[in-house]
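As structure tokens, the structure follows; a few thoughts come after it.
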Amino acid sequence: MEKLLKTELKTSILKAFGSSGGGYISRGQSYETDSGQVFVKINHKPQARKMFEGEMASLEAIQKTNTLRVPQPIKVIDLPGEGAMFVMEYLKMKNLNKHSAKLGEQIADLHLHNQKLGEKLKKEGNTVGAGHSEPQYVDKYGFHTVTCCGFIQQVNEWQRDWPTFFICHRLQAQMDLIEKDYGDREARELWSQLKLKIPDMFCDMEIVPALLHGDLWAGNVAEDNFGPIVFDPASFYGHSEFDLAIAGMFGGFSSSFFSVYHSKIPKAPGFEKRNKLYKLFNYINHWNHFGTEYRGSTLNIMRELLK
């Protein structure tokens with residue numbers, strides 16, 4: 001593997017440093033190279049290339065907005081046999097602490113970025129001739145490629161209507177996996193009632209597609225001496241509130257993160273109920289990744305939403 005890395009990175013030096021680490025999905029290792037330090041994620045699953053290409057596209061999309069710092073993506077490399085590696089810039093990160101409020105501001109800036117492009121376009125009378133390296137205004141929900149939340153591939157086919165996108169490509173897709181693996185009758189019955197009620201939660205709302213991180217839990221944010229950093233995104237254009245659900249689920253974000261965020265993007269009427277709806281996606285996704293310990297939370301939140 002290291003021989004392959006040396007060849008692909010065209011480096012004569014490849015020296016591992018730090019301990020090898022990683023999360024539930026992939027393992028990681030840092031290396032010294034001719035052109036600086038890199039971090040390499042390794043995954044032996046057959047779908048690893050697809051997963052890493054989605055992550056690379058997400059990092060590039062976030063980077064283009066100039067709102068948030070992410071590791072510079074470098075290259076996805078196929079492993080012999082099965083699996084892939086993803087090489088990116090190494091950043092010396094520590095737990096998010098003193099830059100929590102700054103991250104709240106920057107996530108809000110990320111979420112407002114596409115809206116501001118749209119306003120600029122209107123002002124300039126649709127005559128803007130930006131180059132392709134510049135982000136273009138997006139008027140639909142989805143993304144130009146498949147992304148993975150964990151190891152589950154997400155369909156990002158463009159839709160004009162946000163509730164349709166969210167019901168079909170997020171909730172129904174996850175519920176289909178629950179049906180396939182567990183055939184859970186109670187989950188099926190609650191879902192068949194709930195999906196009919198979801199469009200009502202978006203009545204009279206204008207939702208401008210926002211570029212999302214897509215998996216904004218505390219394990220995917222950090223800081224260094226210069227400020228906050230985010231990584232492991234599963235980006236798509238959707239409703240800005242989506243990112244806040246998982247941020248509020250497992251701790252790790254201080255109240256200053258949320259208060260600064262909402263000073264830029266105030267809560268719209270019905271926010272709390274929709275926040276539960278977006279949490280539901282994350283509970284089902286966790287059930288699909290980690291098993292039935294998340295079944296109770298999933299069913300409880302469905303019942304609450306049906307009240």
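The structure places NZ of Lys264 at 7.0 Å from CG of Leu112, a figure rounded to the nearest 0.5 Å. Ser240 contributes atom OG, which lies 8.5 Å from atom CD of Gln115 (distance to the nearest 0.5 angstrom). To the nearest 0.5 Å, atoms NE2 (His111) and CG (Leu212) are separated by 5.0 Å. Atom CG in Asp224 sits 4.0 Å away from atom CZ in Arg69 (nearest 0.5 Å). Between the CG atom of Leu68 and the CD atom of Gln63 there is a distance of 11.0 Å, given to the nearest 0.5 Å. A distance of 4.5 Å separates OH of Tyr294 from NE2 of His286, quoted to the nearest 0.5 Å.
The two residues Gly54 and Ser58 come nearest to each other via the heavy atoms O-OG, 2.8 Å. Residues Gly248 and Lys279 share a closest heavy-atom pair of O-NZ, 4.4 Å. Considering every non-hydrogen atom in both Leu4 and Pro80, the closest pair reads CD2-CD, 4.0 Å. Of all heavy-atom pairs between Pro233 and Ile62, the closest is CB-CD1, 3.8 Å. The shortest non-hydrogen separation linking Arg188 to Gly183 is NH2-O, 3.5 Å. When all heavy atoms of Asn288 and Phe151 are compared, the closest pair comes out as O-CZ, 4.5 Å.
Using a 4.5 Å heavy-atom threshold, the side chains of Arg303 and Leu299 count as touching. Between Val76 and Glu55, every side-chain heavy-atom pair lies at or beyond the 4.5 Å cut-off. Proximity of Leu117 to Pro135: side-chain heavy atoms (C-beta onward) are separated by under 4.5 Å at one or more points. The shortest side-chain heavy-atom distance between His169 and Asn156 does not fall under the 4.5 Å cut-off. No side-chain heavy atom of Trp158 sits under 4.5 Å from any side-chain heavy atom of Tyr141.
Without hydrogens or angle criteria, Asn300 side chain to Gly296 main chain gives a donor-acceptor distance under 3.5 Å. Within the 3.5 Å criterion, the main-chain N or O of Tyr90 finds no donor-acceptor partner in the side chain of Gln37. Although no hydrogens or angles enter the test, the distance criterion places no donor-acceptor pair under 3.5 Å between the side chain of Ser26 and the main chain of Asn43. Although no hydrogens or angles enter the test, the distance criterion places a donor-acceptor pair under 3.5 Å between the side chain of His289 and the main chain of Asn285. Using modelled atom types, no side-chain atom of Asp243 and backbone atom of Leu216 make a donor-acceptor pair closer than 3.5 Å. Not a single donor-acceptor pair under 3.5 Å links the side chain of Asp109 to the backbone N or O of Thr67. For the pair Lys75 (side chain) and Glu8 (backbone), a donor-acceptor distance under 3.5 Å is present. Asp34 places a side-chain N or O within 3.5 Å of a backbone atom of Ser12 that can act as its donor or acceptor partner.
When the shell of 6.0 Å around CG of Asn225 is examined, it contains 12 or fewer heavy atoms from other residues, nucleotides or ligands. Counted within 6.0 Å of NZ on Lys195, heavy atoms from surrounding residues, nucleotides or ligands total more than 12; the atom is thus considered enclosed. Atom CZ of Phe226 has 12 or fewer neighbouring heavy atoms from other residues, nucleotides or ligands inside a 6.0 Å radius.
With ring centers used as reference points, Tyr278 lies under 6.0 Å from His239.
The salt bridge (charged side-chain N to carboxylate O under 4.0 Å, His left out) pairs that include a residue from residues 288-302 are Asp184-Arg295, Glu186-Arg295, where partners are two or more places apart or lie in different chains. Annotation: salt bridge (charged side-chain N to carboxylate O under 4.0 Å, His left out) contacts involving residues 78-100, sequence neighbours excluded, comprise Arg49-Asp78.
Using a 30° and 60° split on the angle between ring planes, Phe236 and Phe242 fall in the perpendicular class, above 60°. Relative ring orientation between Phe253 and Phe257 is described as tilted, the plane-to-plane angle lying within the 30° to 60° band. Ring geometry, Tyr182 versus Trp287: the interplanar angle falls from 30° to 60°, so the pair is classed tilted.
Geometric assessment of Arg274 against the ring of Phe166 yields a negative cation-pi assignment under the 6.0 Å and 45° thresholds.
Salt-bridge annotation for Lys267 and Glu272: present, with a side-chain N of the basic residue lying under 4.0 Å from a carboxylate O of the acidic one. Between Glu119 and Lys116, none of the side-chain N atoms (NZ, or NE/NH1/NH2) sits under 4.0 Å from a carboxylate O, so this pair counts as no salt bridge. Under 4.0 Å is where a charged nitrogen must lie from a carboxylate oxygen, and between Lys102 and Glu223 no such pair does. Using a 4.0 Å cut-off between charged side-chain N and carboxylate O, Lys6 and Glu2 make no salt bridge. A salt bridge between Asp232 and Lys41 is present, with a side-chain N of the basic residue lying under 4.0 Å from a carboxylate O of the acidic one.
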Discussion item. Test side chain to side chain contact (heavy atoms under 4.5 Å, CB included) on Lys273 and Leu305; report intermediate values, then the result.
Written reply: CA-CA 7 Å; Lys273 189 160 194 178; Leu305 285 163; 3.8 Å; yes

Worksheet item: Step by step, would you call Tyr31 with Val87 a side chain to side chain contact (heavy atoms under 4.5 Å, CB included)?
Response: CA-CA 10 Å; Tyr31 292 95; Val87 186; over 6 Å; no

Discussion item. Please determine whether side chain to side chain contact (heavy atoms under 4.5 Å, CB included) holds for the pair Leu194 and Leu280, giving the CA-CA distance in whole Å, both sets of side-chain angles, and the decisive distance to 0.1 Å.
Written reply: CA-CA 11 Å; Leu194 179 60; Leu280 172 63; 3.6 Å; yes

Worksheet entry | Evaluation steps, side chain to side chain contact (heavy atoms under 4.5 Å, CB included), between Val138 and Leu211 | CA-CA 9 Å; Val138 173; Leu211 180 63; over 6 Å; no

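No single ILVMFWY cluster, assembled from side-chain heavy atoms under 4.5 Å apart, contains both Val146 and Ile25. Cluster annotation: Met51 and Met56 are assigned to the same hydrophobic cluster (Ile/Leu/Val/Met/Phe/Trp/Tyr, side-chain heavy-atom contacts under 4.5 Å, transitive). Using a 4.5 Å cut-off between side-chain heavy atoms of Ile, Leu, Val, Met, Phe, Trp and Tyr, with links allowed through other members, Phe202 and Phe271 fall into the same hydrophobic cluster. With hydrophobic clusters built from ILVMFWY side chains whose heavy atoms lie under 4.5 angstrom apart, Leu277 shares a cluster with Phe250. Under the 4.5 Å side-chain heavy-atom criterion for ILVMFWY residues, a single connected hydrophobic cluster contains both Ile284 and Leu306.
Checked against Phe231 for a side-chain contact (heavy atoms from CB on, under 4.5 Å), the options Asp215, Asn220, Val221 give a single hit: Asn220.
Here Asp139 pairs with Tyr137, Arg160 under the side-chain contact (heavy atoms from CB on, under 4.5 Å) rule; sequence neighbours left out.
Side-chain N/O atoms of Thr33 and Thr11 include no donor and acceptor closer than 3.5 Å.
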